[in-house]
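What follows is a single structure, written as C-alpha cells, with notes after it.
These numbers were taken from a predicted model, which means no experiment stands behind them. The chains referred to below are lettered A, B, ... by the order of the sequence lines, with proteins before strands, and numbering in each begins at 1.
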Amino acid sequence: MALLEVEDLHVEFRTRDGVARVLNGVSYHVDAGETLAVLGESGSGKSVTAQAVMGILDSPPAFVTKGAVRFHDEDLLTMAAEARRETRASGIAMVFQDALSALNPVFTVGFQIEEQLRVRRGMSRADARKRAIELLDLVKIPHAAQRVREYPHQFSGGMRQRAMIAMSLALDPEVLIADEPTTALDVTVQAQIMDLLAEIQRDRKMGMILITHDLGVVAEVADRIAVMYAGRIVEQADAVTLFRSPGHPYTEALMASMPRLDQKGTELNTIKGLPPNLMRIPSGCPFHPRCARVQDVCRVDVPRQHNLGLGHSSACHFAEEVVGG
Amino acid sequence: MSDPTSATSEAVAEAGGGATLGKPRGLMGDAWRELRVRPLFWISIAIITLVLLIAIFPGLFAHADPNLGMLSRSRKPPSGEAWFGYDQQGYDVYARAIYGTRASLLVGLLATIGVVILGSVLGILSGFYGGWLDAVLSRVSDIFVGIPFVLGAIVILTSLNTAGQGGAVRIISLVVLSIAALSWPVAMRIMRSAAITAKQQDYVKAARALGASPTRIIVRHMLPNCLAPVLVYSTIALGAFIGAEATLSYLGVGLRNPVVSWGVMINDAKDYIRVAPHALLFPSAFLTVTVLAFVMLGDAVREALDPKLR
Amino acid sequence: MGRYVLRRLLQMIPVFLGTTFLIYALVWAVPGDPFAGKCGERECPEQYVQAMRAQFNMDDPLLVQYGKYILNLLQGDFGKTFSGTEVADRIAATFPVTVRLAIVALIIEAIIGISAGIVSGLRNRGFLDSLVLVSTLFLISIPVFVTGSVVQLVFGIQLGWISPTIKGTGFTDLIVPGFVLASLSMAYVARLTRASISESRRADYVRTAFAKGLPQSRVVGVHMLRNSLIPVITFLGTDLGAFMGGAIVTEGIFNVPGIGGLIYKSIQTKEGVMVTGLVTLLVLVYLLMTLLVDMLYAVLDPRIRYE
C-alpha cells in the first residue's frame with residue numbers, strides 16, 4: 001500500500017472552443033521517505049495532476065472525469081468536501097512555483113504561516129508566532145524573528161521560496177508536492193532550494209512529488225521518475241535505470257536534448273515538432289508524429305504499459321527494443 | 001504552469017493555433033469576432049441606429065407639430081391621438097420627444113468629438129514628450145478635474161448663456177463647449193497613460209533608434225495602439241454627455257427654447273410632476289434608453305478589446 | 001510618508017490656486033452689470049454701487065482682486081454678500097447637511113454596491129451575475145434627476161410611502177435623497193467590486209489559501225476580500241469628495257437645505273462672493289480627499305510605499 005496513489009486519472013478542460021483532454025489516465029504513487037520526480041514539457045499535465053491531487057483545480061473549466069487519488073488507501077475524490085479539506089496541508093501540502101504570486105501580497109509572511117496553525121490547530125496567536133519563527137529558522141531564513149513580520153515583496157526570490165516551503169511544512173504534511181519549485185529562481189539559488197527540499201524530505205521522511213522539466217534537478221534528488229507526455233505517464237523507473245537505459249523514445253529524446261560538456265561543439269539534438277494539441281490528440285501513440293522510431297502500428301494502436309522489470313515500465317509498442325538501445 | 005487558467009489558455013491557444021495558421025488576426029479582428037456573438041452589442045447597435053434615424057428624419061416618426069402649443073389640451077394624459085399625451089403648454093409630448101432627439105444627440109456627439117480631439121492630442125503629446133510639457137499639461141488637467149462637473153457647467157453657463165440672448169446655434173455651442181471644457185482631462189489621462197505604455201514598446205523604441213521623426217512615430221506607431229481605450233471611453237462618454245445635457249437643461253442652464261431637447265422637455269415638466277407625470281416620464285425614457293445603448297456598446301467594445309475579460 | 005504628504009500638499013497649491021482663479025474669473029470677469037436687479041426695479045444709486053465696487057475691489061485688475069480675495073480667505077474671511085450676509089455663516093449652516101447627505105449616500109453605496117459586486121463576482125456568469133450586470137447598466141444610464149423625480153413621484157406622491165421632500169436634516173431623514181445620490185456610484189462600485197473579485201478569484205494566492213486547507217469562508221472573506229477591496233475603498237474615498245459637488249440636483253429635488261441648493265441659488269442671483277467661497281471650499285474638500293485616498297492606498301497595500 002502506497003502512501004499516495006494516483007490511479008487512472010482523467011481530467012478535461014471544458015472551454016468555449018472545445019474540450020481539451022488534459023489528463024488521460026495518469027497513474028503513479030509515492031511512498032513515505034521517497035522522492036518521485038514527474039518530468040515533462042509544459043502542457044504535459046504534470047501540474048494539473050498535482051492540482052487534482054490537492055483538489056484545487058479551477059472547476060470549471062477543469063473536471064475530473066475518471067480515476068482515483070488514494071491517500072492512506074482512502075479515495076480523496078469521493079471523500080466529503082470537509083474531510084478532504086482536512087487532508088490539505090496536514091496530509092498533503094504543496095509548494096508552488098512562483099512564491100511571489102502564490103503568497104498573498106497584503107499579509108505578512110508570518111501571518112500566512114500562522115493562519116493555518118490558528119485556524120486548523122486552534123493555536124493561540126503567540127504560540128503560532130513562535131512556531132512560525134521556528135519554521136522560518138528551519139528553512140534557514142536568517143533573522144527569522146524579524147522577517148516574520150515582513151511582507152512577501154520585501155523578501156528576495158530565494159528567501160520567498162524558503163518562506164513558501166516553511167508555510168507548506170506548518171502542519172507537518174506526510175506528502176509534499178513541489179511544483180517546479182526552482183523555475184522562477186536564479187540558477188545560483190536553485191541549487192540551494194533543491195538541497196533544502198531534499199534535506200527536509202530526508203529528515204522528516206516525507207514522500208515528495210517533485211514536478212519539473214529540468215533533467216539536472218531530477219538526476220540529483222529523485223528516487224523514481226515518471227515521464228509525462230500529453231496527459232499520460234509514458235515511462236516510469238527508478239532514477240538510475242531511467243538515465244542509464246530509457247525505455248521510451250520520448251525519454252530518449254529528452255536525454256539527447258540535454259547539453260553535455262563532453263559533447264561540446266556538436267549540435268544539440270532537439271525533439272522535432274510541437275507538443276500535441278490537447279483538443280486533438282493524435283491517434284494511436286500520441287508521441288508518434290514526433291517519434292524517430294515510428295511504425296505503422298503507432299499511428300493506430302494506443303500502446304499499453306510494457307513492464308520492463310524492477311518497476312520499470314514504458315508505454316511504447318517497442319519498449320523492449322528501446323531499452324536494448 | 002502553476003495555475004490551470006494559464007493551462008486553459010495554453011490549451012485554447014494550441015487549439016486555435018491549428019485553425020488560424022497563415023491567417024494572423026489583429027486585435028481589432030479578434031475584438032470583432034468577440035463582438036459579433038454578443039446580443040447586447042446588437043441590441044445597442046439597433047437602438048443607436050433607430051435613434052440616429054429619428055434624429056435625421058424626425059418627420060418620418062411623428063406627424064404632429066412639436067411646436068404647436070394649445071393650452072386647451074394642456075396636461076392631457078396619453079391617448080390614441082397623442083400617444084404620450086400633452087404637457088403643460090399643450091405641446092404633443094411624443095412629437096416633441098421625437099423632434100428633441102436631434103438636439104440631444106447633437107450635443108452629445110459634438111461634445112464627445114471636442115473632448116476626444118482635445119484630450120487625445122494633449123494626452124499623446126504629454127505621454128510622448130514627458131518632461132516639463134507633461135508636468136504643465138498634467139497640472140492644468142488637475143485644475144479642471146478639481147471643478148465638480150455640474151458646478152463648473154452651471155457657473156460657465158450662467159455667466160455666458162444669459163437668457164434671451166442668441167439663437168439655437170449659440171445656445172448649443174455654449175453647452176457643447178462647457179461640457180468639453182470640463183471633461184477633456186479624462187480623455188487626456190486615458191490617452192497619456194496609453195501613450196506612455198506604447199512609448200515603452202520595443203517597436204516604438206526601434207523606430208526611434210532608426211531615427212524616425214517624432215511626428216511619424218506618434219502618427220504611425222503610437223496612435224493606432226492608443227486608440228482602443230479612447231474609443232471605448234468616447235462611446236461611453238457620448239452616452240454620458242447626452243445625460244449631461246439633459247441635467248444642465250433640467251437645471252435651467254443648458255438648452256432652452258427655441259431649441260427642443262429631452263432635457264428641455266424634462267425641465268418644462270418638472271414643476272408639474274404631480275399633475276402631469278407623463279410629460280416627464282416619456283422624455284426621460286427616451287433619454288435613458290439612448291444613454292443605455294451607448295453605455296452598453298462601450299461596455300461590449302471594452303470587453304471585446306480586453307482579452308483578460310474573456 | 002511624511003515627506004510624501006508634504007510634497008503632495010505643495011503640489012496642491014498651484015492646482016488649488018488655478019481652480020479657484022478659474023472660477024473667480026468666470027464669476028467676476030464676465031460682461032454684464034453685477035448690480036442689475038439688486039435694488040428692485042430701479043437702477044442702483046450711484047453711491048451704493050461705488051461702495052460695493054470698493055468693497056469687492058472691483059476697480060482693481062482681476063489678478064489683484066483675486067489676490068486680495070485669497071489673502072482674506074487664508075485669514076478665514078469668506079467675505080460678505082451684497083446684502084451683507086456673512087458667507088461663512090451660510091456655509092456653517094449648510095455644509096453639515098451636505099456632509100451628512102454625502103455620508104449617508106456613501107454608506108448606502110458601499111453596502112449595496114459591494115455586496116452586489118461580491119455576489120456577482122463569485123458566481124461568474126450565473127443568473128445573479130447577469131442580474132447585477134443589467135441593473136448596473138440601467139443605473140449608470142439613468143441621469144440622477146430622473147431617478148430622483150421617479151422616486152419622488154412613485155414612492156412619495158403615488159404610493160405615499162415616503163415624504164416627497166425631506167422633513168428634517170438628520171441622518172434618517174436623508175436616507176431617500178442619499179439613495180438617489182448614491183444610485184450612479186453604487187453601480188460603479190458593484191462593477192468595480194465584481195471585476196476585482198473575479199480577478200482575485202483566479203489569483204495564485206487564492207489557490208495557495210485553498211491548498212492550505214482553509215475553509216472557503218475564510219479564503220473568500222480574508223484572502224480575496226482584503227485584496228479586492230483595495231481599489232473599491234479608494235474609489236469610495238474619491239466619491240465622497242465628488243458627492244459634495246454633485247449633490248446640487250438631488251438637494252434640489254428633495255429640498256435638502258445643503259450646500260448644493262445654496263450654490264445654485266447664489267449662481268442664479270449672481271452672489272459672486274458666495275459662489276466663489278463655496279466652490280473654493282468644495283475644491284479644497286476634493287483635493288484633500290484625493291490626498292487622503294492616496295494615503296489610504298499605502299495603508300491598505302503594503303507594496304506601495306511613498307518616499
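- Contacts of C/Val283 with chain B are made by both backbone and side-chain atoms, with heavy-atom separations under 4.5 Å.
- One finds the OG1 atom of C/Thr136 at 7.5 Å from the CG atom of B/Asp299 (value rounded to the nearest 0.5 Å).
- Taking a 6.0 Å sphere around CZ of C/Arg90, one finds it holds 12 or fewer heavy atoms contributed by other residues, nucleotides or ligands.
- Most heavy-atom pairs under 4.5 Å with chain C, from the set B/Ser284, B/Ala285, B/Ala244, B/Gly243: that is B/Ser284.
- At least one side-chain heavy atom of C/Ile253 sits less than 4.5 Å from a side-chain heavy atom of B/Tyr250.
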What's the verdict on side chain to side chain contact (heavy atoms under 4.5 Å, CB included) for B/Leu251 and C/Phe145, showing C-alpha distance, side-chain angles and the deciding distance?
-> CA-CA 9 Å; B/Leu251 289 169; C/Phe145 66 91; over 6 Å; no
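- Across every non-hydrogen atom of C/Leu137 and B/Leu292, the tightest pair is O-CD1, 3.5 Å.
- We find the OH-OG1 distance between C/Tyr264 and B/Thr158 to be 9.0 Å, quoted to the nearest 0.5 Å.
- With a 4.5 angstrom heavy-atom cutoff, C/Ile263 touches chain B only via side-chain atoms.
- Closest approach of C/Ser149 to B/Leu280, counting heavy atoms only: CB-CD2, 3.6 Å.
- Considering only heavy atoms from C-beta on, B/Phe144 comes within 4.5 Å of C/Leu22 through its side chain.
- Contact annotation for B/Ile242: neither backbone nor side-chain heavy atoms come within less than 4.5 Å of a heavy atom of chain C.
- Contact of B/Ile154 with chain C is made through backbone and side chain together, with heavy-atom distances under 4.5 Å.
- Only the side chain of C/Val150 comes within less than 4.5 Å of a heavy atom in chain B; its backbone stays farther off.
- For the pair C/Val146/B/Leu281, no side-chain contact is recorded, criterion being any heavy-atom separation below 4.5 Å from C-beta on.
- Per-residue heavy-atom pair counts under 4.5 Å with chain C were compared for B/Ala240, B/Gly239, B/Ala246, B/Gly252, and the maximum is reached by B/Ala246.
- No donor-acceptor pair closer than 3.5 Å links the side chain of C/Thr19 to the backbone N or O of B/Ile147.
- The shortest distance between side-chain heavy atoms of B/Thr288 and C/Pro143 falls below 4.5 Å.
- In this structure, the portion of B/Ile266 lying under 4.5 Å from any heavy atom of chain C is its side chain and not its backbone.
- Heavy atoms from other residues, nucleotides or ligands lying under 6.0 Å from CZ of C/Phe21 number more than 12.
- Note on C/Gln11, C/Arg191, C/Met12: by heavy-atom pairs under 4.5 Å with chain B, the leading option is C/Arg191.
- The closest side-chain heavy-atom distance from B/Met296 to C/Ile140 is not below 4.5 Å.
- Interatomic distance, B/Leu151 CG to C/Ile23 CD1, rounded to the nearest 0.5 Å: 6.5 Å.
- Within the 4.5 angstrom heavy-atom criterion, atoms from both the backbone and the side chain of B/Val145 approach chain C.
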